[in-house]
2 protein chains.
Amino acid sequence: MNKKNVTIKDIARAAGVTHPTVSRALNNHPAISETTRKQIVALAHDMGYVPNATARGLKTNRTRALGAILQRIDDPFWSEVLDGVESVLHSEGYSLIIASTHSEKKREKELLPAMVERGVDGVLLMSPRFREEQCRFLDSYNLPMVMVNNEGVGESRFVILTDDEYGITLLTRHLIDMGHTRIAYLGKRNSASSRNRLAGFRAEMQSARLPVDKKYFYHASAGNPIGGREGAEYLFSLDKPPTAIVCYNDFMAVGVYNFLQENGLRIPEDVSVTGFDNILISSYLYPPLTTFHQYKFELGEGAGRMMMEVLSDQQKNLESPPAKKVILKGILKIRSSTTSPGS
Amino acid sequence: MNKKNVTIKDIARAAGVTHPTVSRALNNHPAISETTRKQIVALAHDMGYVPNATARGLKTNRTRALGAILQRIDDPFWSEVLDGVESVLHSEGYSLIIASTHSEKKREKELLPAMVERGVDGVLLMSPRFREEQCRFLDSYNLPMVMVNNEGVGESRFVILTDDEYGITLLTRHLIDMGHTRIAYLGKRNSASSRNRLAGFRAEMQSARLPVDKKYFYHASAGNPIGGREGAEYLFSLDKPPTAIVCYNDFMAVGVYNFLQENGLRIPEDVSVTGFDNILISSYLYPPLTTFHQYKFELGEGAGRMMMEVLSDQQKNLESPPAKKVILKGILKIRSSTTSPGS
DNA sequence: CTGTTAGCGCGTTCAT
DNA sequence: ATGAACGCGCTAACAG
C-alpha cells in the first residue's frame, strides 16, 4: 500500500473526470456540484491523497511557509516565543522554517538569501542585530518582515514587542521603593533591547533623584548565566558593590545567583537581584526571582498573527498596507530575591 | 531596484543564450564552456538572481528541507539539540522546518501529513511518543526518518541516541559508592527514555544488592520543574524519604531543588540530587548539580548528518540501504549536589 | 558545447 | 458544471 505520489490526475482518472474538476472539488470552488464534490473528496481521502505544496507554491507564488531568524534557538526566552509562533502557524496551515545566526556575520549574510530562495511568504526577525541593509534586501523581494522585540531597526513597518521601558521601570521603582540607592544594571553587549532597558533604568533613577554612576553599569558578552556571572564578578570587584542588581534577563540572573552564593553573599539580605522575562525556571530558583513577566508565548502568537494579516493585506493588493505595531505590557512578579538593603 | 523574480529566462535573454544553458552554468554542469559559464555567473550575480527552490523542488522531487518533530521547542535539552541540527543543515544548504506536538494527539496526527504535503526530504523524530502507525505512514511515502534519543519505537532503521543506561548507571553507582541505600528515581510519565533510565537504575541497584522499592519511584506529569516539584512533594510525604534522588533530567532537578530548599532541606547534606543532560544552567544552580553530560549539540549534528547520508544512499538507489545506529556516550559531572548520606 | 522540447503537479483562464 | 489548454521556474532528454 505505497500511496506515494497520488496526484489530482490519479484521482481524476479514478473518478472519471478531469483534473481541474478535482482541483475545484478540493479547493471548495463555488462552481461545482455538491454531489461530485463529495464523491471526489471521499475518493481523495481513500486514495491517501496529500496535496503537493511545492507544485501549488510554484503556481500560486505563495508557499505558506514563514521564516524565523534568531540568534540562537537554545535560549529559554526565544524558544518559548517560537513555540507561540509555531502554534499559530500550524493552526493556519503554515510551516515554520527556523534559522539561527549564532551572531556570526557570515550566517547573517547567508540566511536572508536562503529564505528568499526557499520562497517563504514572510520573515520574522527575532535577532536583534539586523540592520537596514538586510531590511532593504527583503524589501527588494517584497518579502514582509515582522520585528519581534526588535524595535531598534530602521523604519520597520510591522512590529510587535514588549514594552521594555515599562518593565524596567517597574523593577527599578520596586527596588527604589525598598530603599536601595546603589543599584547596578547588568546588561548585554550589542543589544538594542539591553540599551533600551538601561535607558529606562537611568530615567527612573534620575526621576528618583538617585545618582547614576557608570561604574555600576556592566555589559556582559552574553545574555546567559555565563554573562551573568561575568557581570557579578565585576560588580563585586568594586570598592562599594551595589546593594541591588537589575539584570537584563532572568537567564543572566542565574549566573549572578551562582556568583553570589558561591561567595557566601545572601540573596536578598546582602544583595537584591531582579531579572526580566519570567522564564520557566525563575520561580523555581532559590530564592524565587523577582522579575518582569513577558508574555512570551503570546508574543510569538501575536507575531504570527500579525504576519498573517500582513500577507492578507498584501494579497488584497492594497497600495498602502497599514503599518502595524503591537506593544505588550507585562507584569511585575515580586518574589523573594528582593528586599530592603541591610535587612 | 526591485529585483524580485529574476529567473533563468531573464538571464538567458540578457546573455543571448537559452535558459537551459543558464541552468547548466549555474549548476556546474560539465558540458559547458568555461567562458560562457563565467559570463553567466557574473550576470546572474549582477541581476541579483536567487534560484527558486520551489520550482527546483517540483522538478527534482527534492526540496532540501527537513522536518523536525518534537514535543515542545521550549525545552532546554531539545532546543540545544535543535541548534545542532540547524547548524549542520544550514551548512549543507538544507532548511529546517520545526513542528511541535505539545503532546496533543490531534497535532500528532496532523503533523506528519503536513510534512508530506510540504515535501520535506526526511523527518527527524525527536518526540518520544510516535508509534509504529506513524512510521508506516512515513514509510508509505518513502520518507526517511531518523530517530533522535527515541529508540523505543518499532524497528527504526536510522537511530542516534545517547546511551541512557550508561549514563544512569554512572549516576546510580556514584550515589551507591557514596553510601546511599534509599535512592529514589524521579521520572516522567509516558516516556520511553524515562523507562530506560529507570531500568538501568534498577539494574544497578540490584547488582549492588540494594533493595528496590516501588514506592521510591515516581513518574511525574512533565519533565520540567513543575514535574520535579510534584515528585519531590510525593517523595517527602513518605515515612522514610530517600536520601538521594535520581532525576530523569536536569530540568526536573530544578523543581526538586525548589521543593527541598523551600522546606529547609539542605542539598546535599540532607538529600543528594542528580540530574541528566547537563543543560546550561546546571552548573550555575546552587549547589551546582551533579549530572550526566549529554552531547546535545553533537546529537543534533549527528542526526542531521545521518539524514544527509540516508538521503545520499537513497539517491544512489541502493536496494538495501544500510541501517544506521549511533550511540553517544557522555560524561559524569560530579558537582556539589551529591555527598554521603548523613554528612 | 548549445538549443529544442518536454514535463514535474497544480491552479486558472477560456470555452462549452 | 465541466473540459481543454496553458504556464509557473526549473531540470533533463535528446539533437545537433
Next item on the list: Using only heavy-atom distances, determine whether the side chains of A:His102 and B:Asp83 contain a donor-acceptor pair under 3.5 Å.
Entry: yes
Next item on the list: Report yes or no: do A:Ser100 and B:Glu86 form a side-chain donor-acceptor pair below 3.5 Å?
Entry: yes
Note to self: Measuring to OP1 and OP2 of D:dG3, would you say a side-chain N or O of A:Thr21 lies under 4.0 angstrom away?
What the structure shows: yes
Note to self: Can you measure B:Asn28 atom CG to D:dA12 atom P for me and round it to whole angstrom units?
What the structure shows: 13 Å
Checklist line | Identified side-chain contact (heavy atoms from CB on, under 4.5 Å) partner of B:Arg56 from the options B:Thr60, B:Asn52, B:Leu58 | finding: B:Thr60
Next item on the list: Run the salt-bridge test on B:Arg305 and B:Glu309 with the 4.0 Å N-O cut-off and return the result as yes or no.
Entry: no
Check: Can you tell me how far P of D:dA5 sits from NZ of A:Lys9, to the nearest Å?
Finding: 13 Å
Margin query: Need to verify one output field. Residue with the more 5' nearest nucleotide on DNA chain C, B:Thr18 or A:Ala55?
Written below: B:Thr18
Notebook entry, point to check: Whole Å only: how far is the CD atom of A:Glu117 from the P atom of D:dG9?
Noted result: 15 Å
Item checked: Per-nucleotide protein contact string for nucleotides 11-16 of chain C (B base, S sugar-phosphate only, - none; heavy atom under 4.0 Å) -> BBB---
Next item on the list: Can you tell me the distance, in whole Å, between the CG atom of B:Asn61 and the P atom of C:dG9?
Entry: 7 Å
Next item on the list: For the side chain of A:Ile32, starting at C-beta, report the closest nucleotide among C:dG9, C:dT4, D:dT2.
Entry: D:dT2
Checklist line | A:Thr35 vs B:Leu58, nearer the 5' end of DNA chain D by closest nucleotide | finding: A:Thr35
Check: Can you tell me how far the CD1 atom of A:Ile98 sits from the CG atom of B:Leu89, to the nearest 0.5 Å?
Finding: 9.5 Å
Notebook entry, point to check: Which whole-number value in Å describes the distance from A:Asn52 CG to C:dC8 P?
Noted result: 12 Å
Note to self: Once you apply a heavy-atom cut-off of 4.0 Å, does A:Thr36 come out as touching a base, just sugar-phosphate, or nothing?
What the structure shows: sugar-phosphate
Check: Is the closest basic N to carboxylate O distance between B:Arg72 and B:Asp75 below 4.0 Å?
Finding: no
Next item on the list: Quickly work out the B:Ile11 CD1 to D:dG9 C1' distance and round it to whole Å.
Entry: 12 Å
Next item on the list: Run the numbers on A:Asp139 and A:Arg157 for salt bridge (charged side-chain N to carboxylate O under 4.0 Å, His left out), then give the verdict.
Entry: CA-CA 11 Å; A:Asp139 264 340; A:Arg157 311 218 41 246; over 6 Å; no
Next item on the list: Among D:dT2, C:dG9, D:dC10, find the nucleotide with the atom closest to the side chain of B:Thr7.
Entry: D:dC10
Margin query: If I take atom CZ in residue B:Arg62 and atom C1' in nucleotide D:dG9, what distance separates them, rounded to the nearest angstrom?
Written below: 19 Å
Check: Separation of B:Glu34 atom CD from C:dT2 atom P, in whole Å?
Finding: 11 Å
